[in-house]
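One structure is given below, encoded as structure tokens.
Numbers restart at 1 for each chain; the letters A, B, ... are given by sequence-line order, proteins then strands.
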Amino acid sequence: MGHKIIATGRSRTGIPTGRLAVWWVVGSEIVIFGGLIAAYLLNRFLHGSWEVSAAYTNTFIGGANTFWLLTSSYFVVLAHAAAEKRDAKTARKYIWYTIGLGGLFMGFKSYEYATEISHGFTLFTSNFWSFYYTATGLHGFHVLCGMVIMAIIAEKDIKHEQNWHRVENIGIYWHFVDIVWIFLFPLLYIAK
Amino acid sequence: MADTATATAGVDHHDDHGHHESFWSKYCFSTDHKIIGFQYLFTGMAMGLIGGFFSYVFRMHLAFPGSSIPFFGVVSPAAYNSLVTNHGTIMIFWVAMPVLIAALGNFLIPLMIGCDDMVFPKINRLSYQVFLLSAIVLIASFFVPQGGFGGAWTAYPPLSAESQYNGTPFGAPMWLIAVTLEIVAFLLGGINFITTVMNARAKGMKLYDIPMVVWMIVIASILFMASVGPLVAGAVMLLFDQTLGTGFFDPAAGGDPVMWQHLFWFFGHPEVYVVLLPAMGVVIEIICTFSRKKLFGYKMILYSSIGLGILSFFVWAHHQFISGVDPRATYLFTTTTLLISIPVAIMLFAMIGTLWGGSIRFTTPMLFALSFIAEFLIGGVTGIWLGSSGTDIYLHDTYFVLAHFHYTFVPIAIIGTFSAIYYWFPKMFGRHMNEFWGKIHFWGTVIPFNGIFLPLFVLGAAGQHRRIAGYTAYPDLYTENFQDLRVFATGSLIVLILFQIPFFVNFVVSLVRGRKAEANPWKANTLEWVAPSPPPHGNFGDNLPEVYRGPYEFSVEGREKDYWPQNEPETAK
């Protein structure tokens, strides 16, 4: 546009604008997942039959996926620490580890979906399964988006040693996606 | 000479760099907050024409059932349902929200906080593009086989969930997708607004120096963000119900249709305050400027609006008093609903307190602002019957409800918007609108507005049910004297629509040939009047203003001038 924008660099609160915005994104996402989880809980209390359906979810895969996601959060913290030290090589390495674990999560998830569908538990089997696929699907979509954004940050920003703050911002988002899973895992897999 | 050169150096940024923008990059793909504000404004006004046309068609149908409506033809029951549904949807989501929040927020926030742009200009542009896409999807939904969605703007399942009930296999999902896209656009825009006000305020501008309209837009954005999530979740579920055949809201499949009502109204009621607060902010700015008085109770208004926002999350089930919610819950929701009138009353009384003893100038924006108080009061007071579960059980889903919420939404969306346009037009386009035609437009809007909706209170109290396409089909509901009232309301609507023509002519003619406006024609204090009219890209040139005081220092004793701009140092006379 040819015009220098001053506003972007200003910070009355002392918090960078990007980080503030990510927190607001997280805030708006909390209520989206909050609505979904609240609707799930209401139904769960109303319908005793959901316990029976929940018994068919694969706790082992769910647990393993919890493990991958939590580990990936650890790596994104390491990436942030490396970005603070302006160590592009290490930061990129850890971002890619995070993406890799996200991929592992998605792989397990796909396998899980495939086996469930082959056992006849589809989106339409019952309302429990409708919720299961909607909630985990929406969550998986967020994981996928995070992976894509991280790949862009690693290859476009960090490789060229610019926009270092984006590592922290995607980290905040990634932790949020993790925390959503921390809620979904007990609701869908453990509470039987 | 040297002074003029430095003063204009910032203004002519583009020429300095030999940088010329094409029409497309300047007006269609600009990241300038003002241009994006205009895009929202004009899109909102265009959608308002569509929504207004819909109301003309179904009101004509109600006045003259079965006859052919000029410019439309005979209204079938399915078309009637689609018209009322999309009238409501358009007016809330594609007129009130884009104009009051997005257009005003985009245009005013950076100017009023003394900043050169939004902190995320590209996200800002993206937000408008997503919004435009949502409008296109909605308009396209009218032209698909079997027409646009007809399940009412609240989209209660199972009517909305299955095409065998609403008869719109394509219109219904498209309507849902359009609404969801629109919500995404406003989430993007809202994040930008909040972050900008938090981080990019002018030097010296403390929290209590922020103009009220900026506060109101920010609080409204936060309210929107905090309330809309459940509706997004619900929209996804409803979309699955419509297109894939899941049964989230289908009792036959073990689902619960009342759950949709909770998800919808958890958002739906705070939404009233999302659009109310910016309109209140506009009215406050105008009342202070044209009564030359300091705002009465700045902090009180601010705390009230925050309290109002918090309370608005605990009122949603008053829409469900007859939906089979626990009767004990109705005590709670009656109480919270009645409580919410307290902060609203505080704000309205603060406005009246500001007027008290002021030297009032009845300009067009001021007339609209004053009528906002009067008309909104009727809307607020009639809400008391609907908030109380006892009377609501009788009045629910009658024309009384319809008249009540039009007495709140029309002052908010129509009167609030017009007062804002008349007030900020000189700043937006550097020219004045014609006052005479403005006043004609004012009386031609406010009088017929009452002519439309006062009769509907009578109809509603008499038990007339809303959302019925043809009363003649129900002899018990059809009586001649009611028909007179319907004809009267429809006639008033047509008068109101005709009186919008002077506005549009005035708008366009003023845009081209209006009297040139100086930087601060109303002698107001806030920072947007420091920038030239119209403000250039970058707003204030090279030097951003610095703030020394609050925004409403009118008629301060011991000063020559009766106003004291926020950026004027103490030493200046």
For A:L36 versus B:A233, what's the shortest heavy-atom pair and its separation?
N-CB, 3.7 Å
In Å, rounded to the nearest 0.5 Å, how long is the span from CG of B:L244 to OG of A:S130?
9.5 Å
Roughly how far apart are B:F240 CZ and A:L123 CG, rounded to 0.5 Å?
6.5 Å
Taking the six-membered ring for Trp, are the ring centroids of B:F248 and A:F131 within less than 6.0 Å of each other?
yes
Of all heavy-atom pairs between A:R12 and B:G204, which one has the smallest distance, and what is that distance?
NH1-N, 4.0 Å
So which atom in B:M198 and which in A:T13 form the shortest heavy-atom distance, rounded to 0.1 Å?
O-CG2, 3.4 Å
Does A:Y97, at its OH atom, have more than 12 non-hydrogen atoms belonging to other residues, nucleotides or ligands within less than 6.0 Å?
no
Evaluate the side-chain proximity of B:V228 to A:V31: yes if any heavy-atom separation is below 4.5 Å, no if none is.
no
Look at atom CZ of A:F183 and say whether more than 12 heavy atoms of other residues, nucleotides or ligands are closer to it than 6.0 Å.
no
Has A:Y56 got more than 12 heavy atoms of other residues, nucleotides or ligands less than 6.0 Å from its OH?
no
Which residue pairs pass the ring-ring contact (aromatic ring centres under 6.0 Å, His included) test with at least one member in residues 141-180 of chain A, sequence neighbours excluded?
A:F33-A:H142
One should read off an interatomic distance between A:N127 CG and B:F249 CZ, to the nearest 0.5 angstrom, of 9.5 Å
Counting neighbours of CG on B:D326 that are heavy atoms of other residues, nucleotides or ligands and sit closer than 6.0 Å, is the number greater than 12?
yes
At their closest point, which heavy atom of A:I15 faces which heavy atom of B:N199, and how far apart are they?
O-ND2, 2.8 Å
Do B:L187 and A:W24 have side chains that approach each other closer than 4.5 Å (heavy atoms only, starting at C-beta)?
no
Does A:L42 reach the side chain of B:D256, with side-chain heavy atoms less than 4.5 Å apart?
no
Side chain / backbone / both / neither for A:L138 at chain B, heavy atoms under 4.5 Å:
neither
Per the side chain to side chain donor-acceptor pair (under 3.5 Å) rule, what does the pair list look like for residues 179-188 of chain A, sequence neighbours excluded?
A:T66-A:W181
Greatest number of heavy atom pairs closer than 4.5 Å to chain A - which of B:P230, B:G234, B:G255, B:G190
B:P230
For a quick test of reading the model, state the closest non-hydrogen atom pair linking B:M225 to A:S28 and the distance between them.
CE-CB, 3.7 Å
